[in-house]
> 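My questions will all concern the structure given below.
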Amino acid sequence: MRGREGIINSSLASAGLTSGRMAGLWRSYQALMTRYPWSVQIVTAGSLVGVGDVVSQQLIERRGLAHHNVRRTARMMSIGFFFVGPVIGSWYKVLDRLVVGGSKSAAMKKMLVDQLCFAPCFLGAFLGISGALNGLTVEENIVKLKRLWPPVQIANFYFIPLHHRLAVVQIVAVAWNSYLTWKANKM
């Protein structure tokens with residue numbers, strides 16, 4: 001029996017992604033992040049919001065490629081590029097100035113400030129924008145958001161360097177974005 005690492009490596013290889021190629025992609029991403037941190041963070045955020053919509057349409061709604069709503073994915077990506085990326089990226093910079101340090105205590109304080117001060121405002125604005133574009137219901141989304149984000153943010157503020165926090169949140173948000181886009185576009 002092959003171990004987990006063997007299965008992962010053979011899956012990546014069959015997809016054309018060897019560990020060397022993955023490492024090369026990661027190094028390229030890091031180099032771009034060093035040269036153009038703001039732009040890369042915004043592009044990453046918009047792209048991952050789009051991935052959330054693709055996951056929603058293909059895995060949750062099971063539309064199939066022939067019935068994929070490309071305009072919907074483009075709308076969600078635009079929210080990621082023009083709202084999520086710039087707003088959250090800016091907020092993390094402000095938060096790092098408000099609560100200095102990388103200790104567990106600082107991570108907890110950042111999570112509390114984030115959840116008590118920023119999250120309600122951001123959520124309201126995000127749902128307002130999404131609602132204007134897609135007709136989201138606010139009540140259902142708030143309940144799910146309250147359960148998901150506090151533990152994610154504690155880990156994010158403790159383990160992740162500032163310039164990678166937006167990407168980490170957006171990767172976790174793929175599941176959330178999938179839910180949001182499914183709910184927003186549910187017939």
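Hydrogens, waters and symmetry mates are skipped; everything else that's a heavy atom, side chains included, is used. None of the values given here were measured: they were computed from a predicted structure.
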> If you round to the nearest 0.5 Å, how far is CG of N69 from CD of E61?
9.0 Å
> Output the distance between atom CG (D96) and atom CZ (R165), rounded to the nearest 0.5 Å.
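Reported to 0.5 Å precision, the distance equals 4.5 Å.
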> Heavy-atom distance under 4.5 Å between the side chains of K110 and L95, does that happen here?
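Yes, close enough: below the 4.5 Å cut-off.
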> State yes or no: do W38 and M33 share one hydrophobic cluster built from I, L, V, M, F, W and Y residues joined by side-chain heavy-atom distances below 4.5 Å, directly or via other members?
no
> Look at D53 together with R75 and state whether they make a salt bridge at an N to O cut-off of under 4.0 Å.
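No salt bridge links D53 with R75.
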> So do the side chains of R71 and M76 get within less than 4.5 Å of each other, counting heavy atoms only?
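No. Closest side-chain heavy atoms not under 4.5 Å.
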> Scan side-chain atoms only and decide if Q58 and H68 contain a donor-acceptor pair under the 3.5 Å cut-off.
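A pair is found: one side chain offers a donor N or O, the other an acceptor, under 3.5 Å apart.
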> Looking at every non-hydrogen atom in both residues, tell me the closest pair between V100 and A106 and how far apart they are.
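Result for this residue pair: O-CB, 4.0 Å.
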> Transitively linked via ILVMFWY side-chain contacts under 4.5 Å: I79 with W91?
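In one cluster: yes.
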> So, taking the atom named OG in S56 and the one named CZ in R72, what distance separates them when rounded to the nearest 0.5 Å?
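Rounded to the nearest 0.5 Å, the OG-CZ separation comes out at 4.5 Å.
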> Kindly indicate, with the supporting measurements, whether the criterion side chain to side chain contact (heavy atoms under 4.5 Å, CB included) is fulfilled by F122 and C117.
CA-CA 9 Å; F122 177 80; C117 301; over 6 Å; no
> Tell me, do F81 and P86 make a side-chain contact under 4.5 Å, heavy atoms counted?
no
> Determine, using ring centers only, whether F118 and Y92 are less than 6.0 Å apart.
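Centroid distance Y92-F118: not below 6.0 Å, so no.
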> Test of understanding: clusters of I, L, V, M, F, W, Y form through side-chain heavy atoms closer than 4.5 Å, transitively. Do L59 and V51 belong to the same one?
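Looking at the clustering, V51 is in the same group as L59.
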> To check you understand the geometry: which heavy-atom pair defines the closest contact between V49 and G80, and what is its length?
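Minimum heavy-atom separation between V49 and G80: CG2-CA, 3.8 Å.
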> Group every Ile, Leu, Val, Met, Phe, Trp and Tyr by side-chain heavy-atom contacts under 4.5 Å, then state whether V94 and M108 land in the same group.
yes
> In terms of side-chain heavy atoms, does T44 have a donor or acceptor partner in Y29 at a distance below 3.5 Å?
yes
> Working to the nearest 0.5 angstrom, can you tell me the gap between L116 CG and M111 CE?
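It comes to 8.0 Å.
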> Roughly how far, to the nearest 0.5 Å, is OG of S103 from CZ of F157?
13.0 Å
> Working to the nearest 0.5 angstrom, can you tell me the gap between Q30 CD and H164 NE2?
4.0 Å
> For residues I88 and V43: do they belong to one hydrophobic cluster (side chain heavy atoms under 4.5 Å, members Ile, Leu, Val, Met, Phe, Trp, Tyr)?
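In one cluster: no.
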